[in-house]
Undergrad: 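Dropping the structure in here first, questions after.
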Amino acid sequence: MIGLLLLKHIYGLSDEGGSERRVHDPYFQFFTGEECFQHAFPHERSDLSHWRKRLGDKLELLLAESLRVAHEAGALRSQDLKRVTVDTTVQPKAITFPTDAKLLHAAIKGLNRLARRHGVRLRQSYSRVAKAAAMMAGRYAHAKQFGRHQRQLGILRNRLGRIIRDIRHKIEDQPALQEAFALPLGRPSQIRSQQQRQRGWKLYSFHAPEVECIGKGKASAPYEFGMKASIVTNNRRAPGGLFVLHASSLPENPYDGHTLRKVIDRTETLTGCPIERAYFDKGNLRPRRSKSTSRLHLRRKARRLRHHQARAAPPLRHRAHHRPHEDRRSLRSLPPS
């Protein structure tokens, strides 16, 4: 299962796509431990999601085992672990772009689904009304008719408030249902009350409340919706290539410099080798202190041209008014008239 999850992420496949490719690809089967070619998938496709949930926070154990195997095979040496590169990135979540209409519609569908599961009969579900309002809100926003767009959002907020009040009224004297609906009712209330440009924490997904809006300064993606992650790799290429020495998620989008020392300490604990030098970018300035003895180095952009770039660059030509001293020399060298 772990091998299939790795292949799925390497080739960018879904659970169904990875399962189907394993059936007809012998290389996939050999990588996942099969000795003979199998003509059927030995597990259910839903087992992949179950395995991901069972892994949980055991990623460090998998990294430690992979590093141990690489060290025994000679692909990774102890000296390759002394100089590392630390950087952070955004691990995007598989969610749609969070617009107000989509969030309100998802909250209405989620509350109806939860009410059916617990046997709470609502006065009205507003499923068809909410679907039509969400669809028309998207159309009006695309046509830049923002007055009508806000009217449809008002319809969605009104219907969501009715469902919340109806559920709270019907579970008043039932402690078991109140406990079951405590957290699910908090998310729709947050979605209903939050505004587009408000400051502070916002909810960007009904089913994944841990999603955050992070801006890393990329021209192609000014904002990304996911969770910040820290990655540590060996700085110099080992005989087997570059290896991920440590990977961890950083919830609540902390400042990179506040997590640098903690990540280095965890990497040293995972690899069992002290880090002599750690290279980072400007996002990790002013790191906090720790017990680690590693030296921190800021990676700066090279200001000089490479040798092949200098040879290919045309010679610089300056205008006369930029070099007045050469003009005076040229005038002095002229013969007297």
Side-chain angles (χ1 to χ4, degrees), residues 1-3 5-6 8-10 12 48-49 51-71 76 78 80-95 201 204-205 208-218 221 223-236 238 240-299:
M1 277 297 179
I2 295 174
L5 288 175
L6 290 174
K8 189 178 75 70
H9 285 285
I10 289 173
L48 291 173
S49 60
W51 268 92
R52 277 193 295 268
K53 294 178 181 179
R54 291 181 62 182
L55 285 176
D57 56 350
K58 299 178 182 178
L59 180 62
E60 291 188 355
L61 299 178
L62 296 178
L63 286 176
E65 182 65 19
S66 61
L67 295 176
R68 185 189 65 81
V69 173
H71 193 273
L76 185 64
S78 299
D80 299 325
L81 304 175
K82 296 182 179 180
R83 296 188 178 187
V84 299
T85 301
V86 185
D87 202 0
T88 59
T89 184
V90 179
Q91 179 65 35
K93 282 281 189 177
I95 65 169
W201 181 79
Y204 296 100
S205 176
E210 69 276 3
V211 172
E212 299 165 352
C213 180
I214 303 175
K216 298 288 285 185
K218 300 178 183 178
Y223 301 100
E224 296 177 275
F225 298 95
M227 185 176 294
K228 182 179 285 189
S230 176
I231 306 294
V232 182
T233 62
N234 48 323
N235 184 259
R236 294 184 178 180
L242 294 177
F243 288 84
V244 176
L245 307 180
H246 181 266
S248 62
S249 61
L250 304 174
E252 299 181 2
N253 191 15
Y255 175 63
D256 293 353
H258 296 167
T259 61
L260 181 61
R261 289 294 188 178
K262 187 177 181 181
V263 168
I264 292 176
D265 294 341
R266 287 185 178 180
T267 306
E268 290 179 343
T269 304
L270 184 64
T271 59
C273 180
I275 296 175
E276 295 180 356
R277 292 188 179 185
Y279 299 89
F280 57 93
D281 55 9
K282 290 186 177 181
N284 290 284
L285 291 178
R286 300 187 300 275
R288 291 181 175 176
R289 297 180 180 180
S290 72
K291 300 179 181 178
S292 177
T293 59
S294 59
R295 298 171 58 187
L296 303 178
H297 294 267
L298 175 64
R299 296 178 299 177

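Treat the numbers as computed from the prediction; the structure is a model and nothing was measured. If you read the sequence from its start, that first residue is 1, and numbering goes on from there.
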Undergrad: Nearest 0.5 Å, please: how far is SG in Cys273 from CG in Leu67?
TA: 11.5 Å
Undergrad: Measure the spacing between CG of Asp80 and OG1 of Thr233 and express it to the nearest 0.5 Å.
TA: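 It is 11.5 Å, given to the nearest 0.5 Å.
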Undergrad: What are the two closest non-hydrogen atoms of Val211 and Tyr204, and how far apart are they?
TA: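 Val211 and Tyr204 have their closest heavy atoms at O-CD1, 3.7 Å.
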Undergrad: When you measure from the side chain of Lys228 to the backbone N and O of Thr88, does any donor-acceptor pair fall under 3.5 Å?
TA: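 Looks like no, no N/O pair under 3.5 Å.
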Undergrad: Any idea which heavy atoms bring Met227 and Ser249 closest together, and the distance?
TA: SD-CB, 3.7 Å
Undergrad: List in chain and number order the residues that pass side chain to side chain contact (heavy atoms under 4.5 Å, CB included) with Ala221, two or more places apart in sequence or in another chain; answer none if no residue qualifies.
TA: Glu224
Undergrad: Do you see a donor-acceptor pair shorter than 3.5 Å between the side chains of His246 and Thr271?
TA: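 Thr271 and His246 do not have a side-chain donor-acceptor pair below 3.5 Å.
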Undergrad: Any non-hydrogen side-chain atom of Ile231 less than 4.5 Å from a side-chain atom of Asp87?
TA: no
Undergrad: Search all heavy atoms of Val263 against all heavy atoms of Thr267 and return the closest pair with its distance.
TA: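 Closest pair (atom of Val263, atom of Thr267, distance): O-OG1, 2.8 Å.
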Undergrad: Would you give the length of the straight line joining atom CZ of Arg277 to atom NZ of Lys82, rounded to the nearest 0.5 angstrom?
TA: 12.5 Å
Undergrad: Looking at every heavy atom in both Ser230 and Leu250, which two are closest together, and how far apart are they?
TA: CB-CD1, 4.0 Å
Undergrad: Taking all non-hydrogen atoms of both residues into account, name the closest pair between Arg266 and Ser248 and its distance.
TA: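 What the structure gives for the nearest pair is NH1-CB, 4.2 Å.
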Undergrad: Is any side-chain heavy atom of Val232 closer than 4.5 Å to one of Ile264?
TA: no
Undergrad: Just so I know, are the side chains of Leu242 and Asn234 near enough to count as touching, which here means a heavy-atom distance under 4.5 Å?
TA: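 Yes. Closest side-chain heavy atoms under 4.5 Å.
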Undergrad: Could I get the full list of ring pair (Phe, Tyr, Trp, His ring centres under 6.0 Å) partners for Phe243, not counting sequence neighbours?
TA: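 Listed in chain order: nothing, the list is empty.
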Undergrad: Quick check: do Leu245 and Leu270 have side-chain heavy atoms less than 4.5 Å from each other?
TA: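 Contact flag for Leu245/Leu270 side chains = no.
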Undergrad: Restricting to side-chain hydrogen bond (donor to acceptor under 3.5 Å, both in side chains), what partner residues turn up for Ser205, sequence neighbours left out?
TA: His207
Undergrad: Testing the basics here: between Ser78 and His71, what is the closest heavy-atom pair and its distance to 0.1 Å?
TA: OG-NE2, 3.3 Å
Undergrad: Check salt bridge (charged side-chain N to carboxylate O under 4.0 Å, His left out) between Arg236 and all other residues, then give those that pass, not counting sequence neighbours.
TA: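 Here no residue qualifies.
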Undergrad: State, yes or no, whether a side-chain contact exists between Leu260 and Asp256 at a heavy-atom distance under 4.5 Å.
TA: no
Undergrad: Quick one: side chain to side chain contact (heavy atoms under 4.5 Å, CB included) partners of Pro92, sequence neighbours excluded?
TA: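 For Pro92, no residue satisfies side chain to side chain contact (heavy atoms under 4.5 Å, CB included) once neighbours in sequence are set aside.
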Undergrad: Residues two or more places apart in sequence or in another chain: which of them pass salt bridge (charged side-chain N to carboxylate O under 4.0 Å, His left out) with Glu212?
TA: none
Undergrad: Flag yes if more than 12 heavy atoms outside Gln91 fall under 6.0 Å of its CD atom; otherwise flag no.
TA: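 It does not: Gln91 CD has 12 such atoms or fewer within range.
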Undergrad: Flag the pair Phe225 / Lys93 as yes when at least one side-chain heavy-atom distance between them is below 4.5 Å, and no otherwise.
TA: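 Phe225 does not reach Lys93 side chain to side chain.
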